[in-house]
Amino acid sequence: MASSSVLTSQEEDFPRWYQDVVAKAELAEGGPVRGTMVIRPYGYSIWEQMQAEIDRRIKAAGVSNAYFPLFIPESYLRREAEHVEGFSPELAVVTHGGGKVLEEPVVVRPTSETIINASFAKWIQSYRDLPLLVNQWANVVRWELRPRLFLRTTEFLWQEGHTAHASEDDARAFALEVLESIYVRFMSEVLAIPVLAGRKTDRERFAGATTTWTTEGMMRDGKALQMGTSHELGQGFARAFGITYLDEGGLEQHVWQTSWGVSTRLMGALVMAHGDDAGLRLPPAIAPVQVVVLVVRSEDGAGDRAAALARELADAGMRVELDARTDTSFGRRVVGWELKGAPVRIEVGPRDLLKGEAQLVRRDLSTKEPVPLDQVAHSARQALDAAQSALYDEALARRQAATSEVTGVEPAIEAATSGFALLPAGLLRSGGETQLNEAGASVRCLVSADSTLPDPSTPPEDLTAVVARAY
RNA sequence: CGGGGAGUAGCGCAGUGGUAGCGCACCUGCUUUGGGAGCAGGAGGUCGCGGGUUCGAAUCCCGUCUCCCCGACCA
């Protein structure tokens, strides 16, 4: 009867709670090789929603999808010095193929800058070929010693965009457009997670980038999660791979590039930003099942009425599932849907029909209220809209309450034990960032004084450092 | 790589030399179904692997493999 023992409570042990939810909501489980992950059908359906939303936005920005090989010649990685140095500790290298030792080992892509830029070098001849805007949806492998489902796995799924531009300004503008118009908006409007958009410090910068822009979200335990990055790559890869074009004056120029990605880590963000002790709380915009119509008991026409309601809701454009199982108790089915985070539940039983109503339950608030049968579609739509903004508002209020302004490294470390610390970056001086790292915290990003995206030209020491513990 | 643990049913665990067990999950039947139902019956294990000691090993000894936790990098 008690539903309290379904999950470890967040307060008791947040990491354990996370593991419990991922397992019991049937999102994912570990694969046979350490660090690998089986994404289960329900988890994958959420990822598919994310993909659809992100893909639509990427295409709206003028980017085309393509696909590049999983295997990359090892020599490609070596062409950009900082890039190979950054990735070599986590590379999976294939040394045998077809029963023979390979003449040149191939690496399983940890990211695709090198192999994509080899193509770009062939495709780009003239300024008329620019900008070149390409994205791919793919799996990548980065060998992980301490894996956690969705957050850090050896193999993960992502989208990686790669672009080439005629000027540094064009490249920078595009990197920032992706960050703000695609990532920040997707995360806040669809995932209902408020994020801080800022610049990475040199220490946290992507291997091979000149500037890394990031979006950082706060999880319910006060820790930060990097949710997406957009890099300015400068001309490093262009020089390494000979990506040149003739400008309007007939002069040979190297292109300026960007790359940017979000991964299945977003699944972890979704779980940890909204979930509570009863399970997931999915924002309606991303929920595979927005409304579940639950038949309490099928007697006295309740089953038929529920099925009709489900059709009505689907016709009204909602993603609906009818749960008419009679071989499982009501309580078990309720707990199951709470674990899976369905935003709205419509309960229909004989007792309700006698009163001409159904029960509408909002997952985000745990409120249950009767709704006249002929108004269910209208009420469900309203509840979905309300839940979407309520989840965002709650997450934002939580972050604001757990963010404090500090004026020194020590107070920043203290504040980071429970949330974000805003520290004038000039106060970090030489050893500040190291001191933070030794204490288990880090500079998640640099933002302007009002916590908005900083102007690219502002020197780091004039910005505000967001300090937190991070996943 | 340094330190600390663990390998027994799908999952979680108990079992210090004498017939392989418990909870959950699973199967069958009946009663149930308005917040993880009850009863009865049932299926499921080369006890990580190899060797040794012993009348007899999940248990003791030797070896070996794997996994997990804590310390440096990463979407």
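Computed from heavy atoms alone, side chains included, the values below leave out hydrogens, waters and symmetry copies. Because the structure is predicted, anything quoted here is derived from the model rather than measured. Residue numbers begin at 1 in each chain, while the letters A, B, ... track the order of the sequences.
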Can A:R351 and A:E299 be said to form a salt bridge (Lys or Arg N to Asp or Glu O under 4.0 Å), step by step? CA-CA 10 Å; A:R351 209 182 287 167; A:E299 293 94 34; over 6 Å; no
Between the protein and nucleotides 25-27 of chain B, are there any N/O to N/O pairs under 3.5 Å, and if so, what are the atom names and distances?
| residue | atom | partner | partner atom | Å |
| --- | --- | --- | --- | --- |
| B:rA25 | OP1 | A:R332 | NH2 | 3.3 |

A:I346 and side chain to side chain contact (heavy atoms under 4.5 Å, CB included): which single residue from A:L294, A:V376, A:D323 fits? A:V376
Rounded [atom1] spacing from [N] to [M] in Å:
N      : M      : atom1 : value
B:rG56 : B:rU19 : C1'   : 12 Å
B:rA58 : B:rG17 : P     : 13 Å
B:rG35 : B:rA20 : P     : 45 Å

Between A:W260 and A:F174, what is the ring plane arrangement, given parallel below 30°, perpendicular above 60°, and tilted in between? tilted
Within the 4.0 Å heavy-atom criterion, would you say A:T328 contacts the bases, only the backbone, or no part of the nucleic acid? base
Rounded to the nearest angstrom, tell me the gap between atom CZ in A:R34 and atom C1' in B:rU66. 11 Å
Assigned partner base of B:rG71, Watson-Crick or wobble definition, under 3.5 Å: B:rC1
Watson-Crick or G-U counterpart of B:rG23, or none if no pair lies under 3.5 Å: B:rC11
Please tabulate, one pair per line, each protein N/O and nucleotide N/O from nucleotides 70-75 of chain B that are separated by under 3.5 Å, including the distance.
| residue | atom | partner | partner atom | Å |
| --- | --- | --- | --- | --- |
| B:rC70 | OP1 | A:R146 | NH2 | 3.4 |
| B:rC70 | OP2 | A:R146 | NH1 | 2.6 |
| B:rC70 | OP2 | A:R146 | NH2 | 2.5 |
| B:rC74 | O2 | A:E144 | OE2 | 2.7 |
| B:rA75 | O3' | A:Q226 | NE2 | 2.2 |
| B:rA75 | N6 | A:T153 | N | 3.0 |
| B:rA75 | N6 | A:T153 | O | 3.2 |
| B:rA75 | N3 | A:S263 | OG | 2.9 |

Face-on cation placement of A:K200 at A:F206 ring, 6.0 Å and 45° thresholds: no
The side chain to side chain donor-acceptor pair (under 3.5 Å) partners of A:Y183 (sequence neighbours excluded) come to A:Q159
